[in-house]
Every structure is written in C-alpha cells, then in structure tokens.
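Data block below; observations after.
Every chain is numbered from 1 and lettered A, B, ... according to where its sequence line falls, protein lines coming before strand lines. Heavy atoms only: backbone and side chains are in, while hydrogens, waters and symmetry mates are out.
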2 protein chains.
Amino acid sequence: MTKSADKNGKTRIQREKRKQILEAALDVFSQFGYRGSTIDQIAKAAGLSKPNLLYYFPSKDAIHAELLSGLMDSWLDPMRALNAEGDPKEEILSYVRRKLQMSRDFPRESRLFANEIIQGAPRILPAIEGELRDLVAEKSAIIQGWIDAGRIAPLDPQHLLFSIWSLTQHYADFEVQVRAIMPSEERVYPRAEEHLETLFTRMLSV
Amino acid sequence: MTKSADKNGKTRIQREKRKQILEAALDVFSQFGYRGSTIDQIAKAAGLSKPNLLYYFPSKDAIHAELLSGLMDSWLDPMRALNAEGDPKEEILSYVRRKLQMSRDFPRESRLFANEIIQGAPRILPAIEGELRDLVAEKSAIIQGWIDAGRIAPLDPQHLLFSIWSLTQHYADFEVQVRAIMPSEERVYPRAEEHLETLFTRMLSV
DNA sequence: CCCCATTTTGACCAAATGGTCAGGATCAGG
DNA sequence: CCTGATCCTGACCATTTGGTCAAAATGGGG
C-alpha cells in the first residue's frame, strides 16, 4: 500500500503507459474506425506487445470507450461557452472560430467522433440524446432570443448549429480531400477562417 | 455460346445476383467501413451463402471497388451541371438543392464516400486528385468570373464549394446525430432546404 | 427429357484476431 | 542488496475472416 497506489490509484509507469496507449489508439481508431482497428496495431503504434497492452486495459472495447467518453466533454466545450449576455454576432463568430481551431488542432479526435456517428453512434447515442440534445436546446433558445430581439437575422437556430458543426469539422474529417484539392496551399486554415467569418457575418446581418 | 453470354457477357441470374450483392454491400460498407465489414455479413444481407457470393465477385475488395467507382461519377454530376451561362445565384442554389437531394435520397452512398475519405481515401485518392480536382478548378474559375463581374458577393470559390459539400452531406453522414436532436421532426429535409436557401442567398448577395 | 453450362453448397484451409496465462524480468522501498 | 509488488513476454487458445474446391443441384435450349 505504501509503494503502489498513490493518490491516483496508479503507479507512474501505469500513468505513462496508459497515456501512450490512448495516444496510439487515437491514431488508429480515428483512421480505421472501431471494427477496422486491431489491438496489435494499437500495441505496435504504442511500442508495446499485445499482452503488455492488455495488462493496462482489459480489452479493445475499454480503450475505445475511454477515448470516447473523454472526447464528448471537451467536444462540447466550445458550444458551452456561447454566452447569452455577449454580443450575438460576436458570440456566434467566436464559437465558429473555436470550433475551427479544434478541427485544426485535434483532427484525429474529430475523425474519431465522425467515424462513430457515421456508423450509427452505437457507443455514444445516449450521450447524444442526453447532454448534446440538452445543450442544443439551451443554446437554440438563446439564439432564438437574439432573433426575436432583432439582433441577428432570422434563421433556424438548430440548423444554424448544424451548419457550424459541418462547416468546421469538414476541414478535419475530409482533410485528405481538402489537401488533394489545394495541395500547394499551406495556409488552408487561415483561409478557411476568413471564409467562414465572411459567411457567418453575411448570414447573421440583419 | 448460344445460351449464355448475351450482349452483356452475363446471364440473367448473374445480372440479378450481382445487383443484389452490390445493394447489400452498400448497406454494410456504408455502415461499417471497408475493414469493419465482412463477406459473410454482405452475403447474409444479400440472401446468399459466402461461397455463392464469391462466385459472382472474386473478392471483398472487388465489390468495394465496384461500388466506389460507380459512385464517384454520379457523385460529381450535380457539380458538373453548374453552368457558366446561367444566373449565378440560381446556379449555385440549384447545385445546393441537388446536393441536398442526394443526401436525402442516397444517404448510404454519402456515408460510403465519407467513410472512404475519413480513412484517408486509400482507394479513391487518384480519382480525387484527378477528376474531382479538375472539376473543382473548372467550376472555381466560373465562380471567380461571376465575382469579378460583380454578379455575386466576393468569396473564396474553393471554400464555397467545400461549404456546399459539408453543409449538404452533413444531413446524410451525421443523420443519426441530426435525428437524435430533432427526433419529433419528420420534416428535417424541407427545413434544411429552407435554411440552406436562406444561408446561400444572404451569402451571395452583393 | 437429355445434356452441358451455370449456379449453389458444405467442407475445408491458412491467416488474423481478441484474449489468456504462467513464469520471468524489473523496479523501488526498506 | 533483499523482497515483494509491478511489469513484461512467449506460448497458447478459440473464434472469425477471406478465400478455395470438389461435387451436387439446377436451368434451359435442342
């Protein structure tokens, strides 16, 4: 009890290796989806043997579940920050910018999520029908309030949110396609940000 | 030579069964991705035994390849129809409407494509870097021409095309999420069409 | 209804996959 | 530097998977 089981219930090695494994698993799962990925692949990517990996996680499923559960929360953060008290147009534009930043900085997470949804969300449907749904309801109401007050142009708040998601996540999820079409363009994201700023500015102007 | 090998080089049964198989494979591949799908799954969905399926197609890969190659072409059709001679705003809006219709009528095809791209487009990268890239270049030039003529508001033509793709395909690829958030809403697509019409109208107005 | 081409099947195979286990290597506190 | 806990490995196992094959069933033109 003295040497092991520190405050976290884990040793230093456990913390390090678990992080390594999750990092590798993110690489693999985000590219091949759950069923298309193998424990061996993940183990190799993490620099471990398969039995060694299974010493840290009980199963393939457990790794995937841990990744997803950690993801959902941070994924919703940019939307949570949407503040009813702020300036409507600026609030929405900030949300778009934050979301685009996440596509740029965490494309693997975006693809992991996309894979899960496309395949019918077998593992996170509850979270979508719960947390996400509630959050959407809350923020839709705020946006509707802005519209009713004549502070932004009228539109469907829920579809506005869908538009924000699809426009921003596209750059991460379909990165290969984007790059194939603008190969020389190093600065995809700055241009994308400009474009989306233009788009939403025009769209929201009364 | 008399009884078999009609004009198509295939018998009636071959034509029927191959169609059945492709139909079933579309169901399965679009949901689980290539690596996540099994021949047995497809065979069962098509009402055949595995060896019987393999009598009609030489391998799992061949089925997938045939689906994808057939897809690429029809996928680009709506963009091909974009006509430099037409009214700019109406041309773009028609393109959006056609693309949204495809999401509504062929969601499995959309997801098959999305799966392929997310996973790095291992099988259709050439087509993307070829046909698609050329078509984008061509249509971007047309749009740029409209902008230069002051007929639509200025914006980045390539990113405009990305926006059209992402906004419309989202309703097919993330259908589960959309439905989870608007479960009561039977009329997702009519509303989506209205929303996108509003969005692009505002965006393109000088 | 005969006969050959076409279609279908069950049995089979090698490789891959998720997971287990006993024992050996290593680490760190005393 | 000893000792028990932690960490790691090779060997192993059952199941799944992509694919083959010989032989049986079926079909349809003559």
Side-chain angles (χ1 to χ4, degrees), chain A residues 1-25 27-29 31-68 119 122-123, chain B residues 1-29 31-68 115 119 122-123:
Chain A
M1 200 48 70
T2 48
K3 122 171 33 173
S4 67
D6 44 293
K7 58 205 175 265
N8 266 331
K10 308 277 167 66
T11 101
R12 172 185 52 89
I13 294 186
Q14 289 214 4
R15 261 176 279 123
E16 289 173 0
K17 292 287 167 78
R18 281 179 60 95
K19 192 149 289 181
Q20 262 178 251
I21 292 169
L22 287 172
E23 169 70 18
D27 260 356
V28 176
F29 280 138
Q31 188 171 147
F32 301 107
Y34 179 75
R35 294 184 48 175
S37 305
T38 74
I39 298 185
D40 257 325
Q41 246 180 313
I42 298 170
K44 193 165 292 177
L48 299 174
S49 67
K50 182 170 61 166
N52 195 9
L53 181 149
L54 286 166
Y55 171 74
Y56 292 103
F57 286 90
S59 69
K60 177 183 169 183
D61 199 86
I63 306 175
H64 192 248
E66 184 144 336
L67 277 178
L68 274 186
Q119 311 199 349
R123 295 153 202 278
Chain B
M1 197 51 68
T2 47
K3 118 168 41 172
S4 66
D6 43 296
K7 58 202 177 265
N8 266 329
K10 308 279 166 67
T11 99
R12 172 186 52 89
I13 293 187
Q14 288 213 5
R15 263 177 279 122
E16 289 174 1
K17 292 287 166 81
R18 282 178 60 95
K19 193 148 290 183
Q20 260 178 252
I21 292 169
L22 288 173
E23 168 70 17
L26 179 57
D27 259 356
V28 175
F29 281 138
Q31 188 171 144
F32 301 108
Y34 180 76
R35 295 184 46 174
S37 305
T38 73
I39 298 184
D40 257 324
Q41 245 180 312
I42 299 170
K44 191 164 297 180
L48 299 175
S49 67
K50 183 170 59 165
N52 196 7
L53 180 150
L54 286 166
Y55 170 75
Y56 292 102
F57 286 90
S59 68
K60 177 183 169 182
D61 200 86
I63 306 174
H64 193 247
E66 183 144 337
L67 277 178
L68 274 186
N115 259 313
Q119 311 199 349
R123 296 154 201 278

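- Side-chain nitrogen and oxygen atoms of B:Q14 include at least one within less than 4.0 Å of the OP1 or OP2 phosphate oxygen of C:dT7.
- Formation of a donor-acceptor pair under 3.5 Å by the B:R123 side chain with backbone atoms of B:A65 is not found in this model.
- Within residues 34-42 of chain A, no residue has any heavy atom closer than 4.0 Å to DNA chain D.
- Annotation: side chain to side chain donor-acceptor pair (under 3.5 Å) contacts involving residues 37-55 of chain A, sequence neighbours excluded, comprise A:Q41-B:R35.
- Minimum atom distance to the side chain of B:K50 is reached by D:dG18, of the listed D:dG18, C:dT7, D:dC21.
- Between B:Y55 and C:dT8 there is no side-chain polar atom (N or O) within less than 4.0 angstrom of OP1 or OP2.
- Nucleotide D:dG10 holds its C1' atom 16 Å from the CG atom of A:L48, rounded to whole Å.
- Counting to the nearest Å, the P atom of C:dC21 and the CG atom of A:N52 are 17 Å from each other.
- Qualifying side chain to side chain contact (heavy atoms under 4.5 Å, CB included) partners for A:E23, counting only residues two or more places apart in sequence or in other chains: A:R108.
- Scored by the side chain to side chain contact (heavy atoms under 4.5 Å, CB included) test, B:K60 finds B:F29, B:Y34, B:I39 as partners (sequence neighbours excluded).
- Proximity of residues 56-67 of chain A to DNA chain D (heavy atom under 4.0 angstrom from any strand atom) is restricted to A:Y56.
- Contact annotation: B:S49 does not reach the phosphate of C:dT8 (side-chain N/O to OP1 or OP2, under 4.0 Å).
- In this structure, A:Q20 has no side chain to side chain donor-acceptor pair (under 3.5 Å) partners at least two apart in sequence or on a different chain.
- Between the NZ atom of B:K17 and the C1' atom of D:dG27 there is a distance of 12 Å, rounded to whole Å.
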